[in-house]
There are 2 protein chains.
Amino acid sequence: MGSIARIGRVAHATLGAQAYESLRDLLIAGELAPGERLSLRTLAERLGTSVMPAREAVSRLVADEALEVLPNRAVRVPVLTLGTFRELTRVRIAVEGFAAAEAARAVGPGDLGAIRAHDAAFRSEVLAPEPDLEQAMRANRDLHFAVYRAAGLPALVAIVEGLWLRIGPVLNLDLRSSRRRLAEGGAQVHHARLVAALAAGDPEGARAALAADIAGSADFIETTGRLTP
Amino acid sequence: MGSIARIGRVAHATLGAQAYESLRDLLIAGELAPGERLSLRTLAERLGTSVMPAREAVSRLVADEALEVLPNRAVRVPVLTLGTFRELTRVRIAVEGFAAAEAARAVGPGDLGAIRAHDAAFRSEVLAPEPDLEQAMRANRDLHFAVYRAAGLPALVAIVEGLWLRIGPVLNLDLRSSRRRLAEGGAQVHHARLVAALAAGDPEGARAALAADIAGSADFIETTGRLTP
DNA sequence: TGCCGTGATCTGTGATCACACTTAGGCTCG
DNA sequence: CGAGCCTAAGTGTGATCACAGATCACGGCA
């Protein structure tokens with residue numbers, strides 16, 4: 001059984017799952033504006049499939065509260081009120097702060113290396129003369145989730161993904177509007193404190209640094225005033 | 001417009017949503033054993049519909065990780081390993097503990113009344129000569145979620161619901177097996193401490209009481225040894 | 001007696017059709 | 001000229017059909 005054992009699994013990807021991840025990435029990247037309406041048939045046509053996979057994708061996103069169905073049964077990406085945004089921010093600080101604290105306890109050398117790499121990528125992008133905001137946001141996301149994964153609690157990572165799915169649209173939409181505010185926000189400082197706390201095995205330091213990072217970006221979003229009161 | 005304003009919303013319940021909640025309640029109540037396989041057509045027949053609503057329900061539950069699809073594409077309720085159970089317990093203590101602490105800050109008189117009622121219902125059921133375990137578990141669940149709702153963070157309640165959905169099968173399945181261990185577990189003591197802390201506006205006391213409650217029930221589940229190593 | 005092919009049956013997935021409902025636009029009537 | 005109806009297109013939901021793959025049992029071969 002020499003070569004027969006070497007064939008890997010066939011990457012079982014159902015069309016519905018592909019549609020889900022496509023829509024998911026669009027939402028998390030803020031490419032779908034809050035309030036924008038979606039049509040199953042249009043979505044299916046864009047995906048090159050029938051409405052069935054699109055239906056499953058939308059259903060799952062609705063279950064995650066990343067999309068919402070109006071009383072008319074129309075589907076749209078939710079418009080967050082200021083109150084809801086603040087609520088999500090508080091929950092994020094609690095949940096992601098806990099994840100950071102646990103990461104400080106459980107982080108290994110490999111995790112730390114990956115985290116430092118994402119941190120460096122973010123900083124170099126932000127400090128560049130012509131920063132690519134999309135690249136910067138991706139590095140920021142990779143950094144955060146590398147930390148959360150280092151906690152060794154996959155269930156927690158899934159929860160955080162759900163939270164990011166809800167704030168993704170407003171977060172990245174506003175980020176796109178203004179350029180260099182990213183550098184002024186002081187995210188790099190929080191990141192540096194976070195990485196240092198992780199390396200030192202300091203849970204409360206990591207939690208505080210991450211809470212400050214989240215609070216800082218939330219403040220920035222609120223000052224843009226795009227949220228409905 | 002006298003009577004026209006009094007008709008409540010027509011309870012817009014799509015068949016898929018009904019199927020989802022039915023399955024959801026079955027899982028949370030532990031009526032589906034871990035490892036049990038589900039069939040869309042069988043499920044549809046039991047619901048009296050076609051496979052479509054059953055499909056949506058299963059899809060959403062799979063997204064919540066309350067059900068899982070095997071590589072064979074067969075659907076079953078997941079069997080938790082001991083490691084996964086402990087992971088979920090740690091996450092529960094963090095998340096639900098935070099909810100309890102916030103509830104201690106935000107709880108109002110009406111919330112407290114409802115919480116006390118559920119607490120009394122649970123205690124009276126547990127101390128009864130012939131305790132109805134199903135009633136007791138329902139009262140326990142109502143008590144917990146009344147506390148979480150009192151925190152005023154709906155997003156957090158949704159997260160906790162997802163966690164309970166995953167541990168529901170093993171929790172209630174084991175509870176059903178042994179009778180009076182429920183009373184010995186000391187849940188009532190933890191509940192009493194929790195209610196007292198909420199009434200006193202003591203966040204850390206509420207968090208500690210709830211953490212002890214979760215840890216106590218988790219210990220009990222582990223001693224039954226039904227979890228796969 | 002043990003084991004491997006082979007058939008029917010059942011699985012989830014996707015496509016297509018049918019239906020109730022909403023919504024937007026054009027047309028008619030005042 | 002403007003307002004109201006009213007048709008037609010588009011919406012999500014559900015049912016039904018079609019299909020590839022998996023499972024399991026029975027029967028024949030070694």
Side-chain angles (χ1 to χ4, degrees), chain A residues 1 4-5 7-24 26-27 32-79, chain B residues 4 7-24 26-27 32-79:
Chain A
M1 67 158 201
I4 188 62
I7 59 171
R9 288 217 53 85
V10 293
H12 159 48
T14 170
L15 285 182
Q18 293 179 34
Y20 171 76
E21 299 201 359
S22 296
L23 250 184
R24 189 177 186 284
L26 256 56
L27 280 169
L32 270 54
E36 187 170 343
R37 292 212 318 281
L38 296 182
S39 155
L40 290 188
R41 288 172 175 82
T42 305
L43 199 68
E45 189 179 6
R46 186 165 312 183
L47 292 169
T49 69
S50 78
V51 298
M52 289 291 320
R55 246 164 94 168
E56 181 179 331
V58 169
S59 279
R60 287 175 60 177
L61 263 340
V62 167
D64 294 338
E65 290 180 277
L67 292 177
E68 68 178 0
V69 293
L70 302 178
N72 324 336
R73 290 187 171 178
V75 178
R76 72 170 188 184
V77 22
V79 290
Chain B
I4 189 61
I7 60 169
R9 286 223 46 88
V10 61
H12 161 46
T14 168
L15 286 182
Q18 292 180 34
Y20 171 75
E21 300 201 0
S22 296
L23 250 184
R24 189 177 186 283
L26 257 56
L27 280 169
L32 271 54
E36 188 170 341
R37 292 213 317 282
L38 296 183
S39 155
L40 290 190
R41 288 172 175 83
T42 306
L43 198 67
E45 190 180 5
R46 184 165 315 184
L47 293 170
T49 68
S50 79
V51 298
M52 289 289 321
R55 242 163 97 167
E56 181 179 332
V58 169
S59 279
R60 287 175 60 176
L61 288 170
V62 167
D64 294 337
E65 291 181 278
L67 292 177
E68 67 178 2
V69 292
L70 302 177
N72 323 337
R73 290 187 172 179
V75 178
R76 72 170 187 183
V77 24
V79 290

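Within every chain, numbering begins at 1; the chains are lettered A, B, ... in the order of the sequence lines, protein sequences first and strands thereafter. What you are looking at is a predicted structure, and each value in this text was computed from that prediction instead of being measured.
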DNA chain C contacts among residues 39-46 of chain B, heavy-atom distance under 4.0 Å: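 Residues of residues 39-46 of chain B under 4.0 Å from DNA chain C: B/S39, B/L40, B/R41, B/T42.
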Proximity to DNA chain C (any heavy atom under 4.0 Å), residues of residues 48-55 of chain A only: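 Only A/T49, A/S50, A/V51, A/M52, A/P53 qualify.
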Between [N] atom [atom2] and [X] atom [atom1], what is the distance in whole Å?
| X | N | atom1 | atom2 | value |
| --- | --- | --- | --- | --- |
| A/N72 | C/dT23 | CG | C1' | 9 Å |
| B/R76 | C/dG12 | CZ | C1' | 16 Å |
| B/R73 | D/dC19 | CZ | C1' | 11 Å |
| B/L70 | D/dA22 | CG | P | 13 Å |

Nearest non-hydrogen partners of B/P34 and B/P78, listed with the distance: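 That would be CB-O, 3.5 Å.
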List the atom pairs, with distances to 0.1 Å, where a side-chain N or O of residues 44-60 of chain A and a protein N or O form a donor-acceptor pair under 3.5 Å, not counting sequence neighbours.
| from | atom 1 | to | atom 2 | distance (Å) |
| --- | --- | --- | --- | --- |
| A/S50 | OG | A/M52 | N | 3.3 |
| A/S59 | OG | A/R55 | O | 3.2 |

Residue list, salt bridge (charged side-chain N to carboxylate O under 4.0 Å, His left out) with A/E65, at least two apart or on another chain: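 Once residues adjacent in sequence are excluded, the partners of A/E65 under the salt bridge (charged side-chain N to carboxylate O under 4.0 Å, His left out) criterion are A/R166.
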Whichever of A/R37 and A/L15 has its nearest DNA chain C nucleotide further upstream toward 5':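 First, find each residue's nearest nucleotide; the 5'-ward one identifies A/L15.
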Below 4.0 Å: OP1/OP2 of D/dG12 and any side-chain N or O of B/T14: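 B/T14 to D/dG12 OP1/OP2: no side-chain N or O under 4.0 Å.
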Between CG on residue B/N72 and CZ on residue B/R37, distance to nearest 0.5 Å: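 Between B/N72 CG and B/R37 CZ, I get 8.5 Å after rounding to 0.5 Å.
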A/L38 side, atom CG; A/L27 side, atom CG - distance, nearest 0.5 Å: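 Going from CG on A/L38 over to CG on A/L27, the span is 7.5 Å.
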B/T42: partners by side-chain hydrogen bond (donor to acceptor under 3.5 Å, both in side chains), with sequence neighbours left out: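 By the side-chain hydrogen bond (donor to acceptor under 3.5 Å, both in side chains) rule, B/T42 matches B/S39.
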Residues in side-chain hydrogen bond (donor to acceptor under 3.5 Å, both in side chains) contact with A/E68, at least two apart in sequence or another chain: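 Listed in chain order: A/R76.
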Any donor-acceptor pair under 3.5 Å from A/E36 side chain to A/A33 backbone: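 Yes, because the side chain of A/E36 sits within donor-acceptor range (under 3.5 Å) of the backbone of A/A33.
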